[in-house]
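The structure that follows is given in the form of structure tokens.
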Amino acid sequence: ISAGAGTYTINQSNGIGTPAGNSDQNQMYLEYQGKEFLSSPNCGTFNFTKISPPVYSGTFSATLYNKANPSETVQITAGMIDVNTQTLNN
């Protein structure tokens with residue numbers, strides 16, 4: 001996101017919700033129906049249409065795999081992002 005509005009590739013998740021040693025890594029982690037789903041390299045995109053700190057808005061799509069059973073996947077086709085970073089921890 002540091003480069004501004006545009007399309008960003010979703011990469012491998014380390015399964016702990018934060019990038020391991022690389023704060024610019026785009027990844028996804030989802031808990032759904034009691035299962036953990038992770039992103040894999042090039043599994044989707046974030047498309048940020050508005051970056052006006054502290055507000056970040058856009059859309060995303062991705063295919064995530066089940067951590068315990070990688071052959072099981074979840075496909076997200078019309079995800080939306082509208083985040084205010086000043087209120088994330090509130």
CG-OG distance between N11 and S40, expressed to the nearest 0.5 angstrom: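 N11 atom CG to S40 atom OG measures 9.0 Å (nearest 0.5 Å).
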
Output a table of donor-acceptor pairs, distance under 3.5 Å, between side-chain atoms of residues 67-79 and any protein atom two or more places apart or on a different chain; print 'none' if there are none.
| unit_1 | atom_1 | unit_2 | atom_2 | d |
| --- | --- | --- | --- | --- |
| N69 | OD1 | S71 | OG | 2.8 |
| E72 | OE1 | K35 | NZ | 3.3 |
| E72 | OE1 | N66 | ND2 | 2.7 |
| E72 | OE2 | K35 | NZ | 2.9 |

Is there a donor-acceptor contact under 3.5 Å from the side chain of S39 to the main chain of M28?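 Pair found, side chain donor or acceptor close to backbone of M28.
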
Under 4.5 Å between side-chain heavy atoms, counting indirect links through other Ile/Leu/Val/Met/Phe/Trp/Tyr residues: same cluster for L64 and Y32 or not?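 Yes; Y32 is reachable from L64 via cluster members.
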
P41: side-chain contact (heavy atoms from CB on, under 4.5 Å) partners, not counting sequence neighbours: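 Partners of P41 by the side-chain contact (heavy atoms from CB on, under 4.5 Å) criterion, ordered by chain and then number, come out as Q12.
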
When rounded to the nearest 0.5 angstrom, what is the spacing between OG1 in T63 and CD1 in I10?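 Here the interatomic distance stands at 9.5 Å.
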
Taking side chain as C-beta onward, heavy atoms only, is Y8 less than 4.5 Å from T45?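 The answer is no; the side chains never approach within 4.5 Å.
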
Using 0.5 Å steps for rounding, measure from the CZ atom of F37 to the OH atom of Y65.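 Reported to 0.5 Å precision, the distance equals 11.5 Å.
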
Mind checking side-chain contact (heavy atoms from CB on, under 4.5 Å) for T59 and listing every partner two or more places apart, or none if nothing turns up?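 side-chain contact (heavy atoms from CB on, under 4.5 Å) check on T59 returns N47.
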
Once salt bridge (Lys or Arg N to Asp or Glu O under 4.0 Å) is applied, what residue pairs with a partner in residues 52-64 remain, sequence neighbours excluded?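 Listed once each, the pairs would be none.
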
Partners meeting salt bridge (Lys or Arg N to Asp or Glu O under 4.0 Å) with E36 (sequence neighbours left out):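 With sequence neighbours excluded, E36 shows a salt bridge (Lys or Arg N to Asp or Glu O under 4.0 Å) to no residue whatsoever.
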
Output the distance between atom CG (N26) and atom CZ (F48), rounded to the nearest 0.5 Å.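 The CZ atom of F48 is 7.0 Å from CG of N26, to the nearest 0.5 Å.
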
same_hphob_cluster(L88, Y56) at 4.5 Å side-chain heavy-atom cutoff: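 Shared cluster, yes.
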
Listing request: all salt bridge (Lys or Arg N to Asp or Glu O under 4.0 Å) pairs with a residue in residues 77-86, at least two apart in sequence or in separate chains.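 Every pair satisfying salt bridge (Lys or Arg N to Asp or Glu O under 4.0 Å) with a residue in residues 77-86: there are none.
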
Common cluster, I81/I51, ILVMFWY with side-chain heavy-atom separation under 4.5 Å: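 Same cluster.
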
Considering only residues two or more places apart or on different chains, which pairs with a residue in residues 37-49 satisfy salt bridge (Lys or Arg N to Asp or Glu O under 4.0 Å)?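 Residue pairs with at least one partner in residues 37-49: there are none.
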
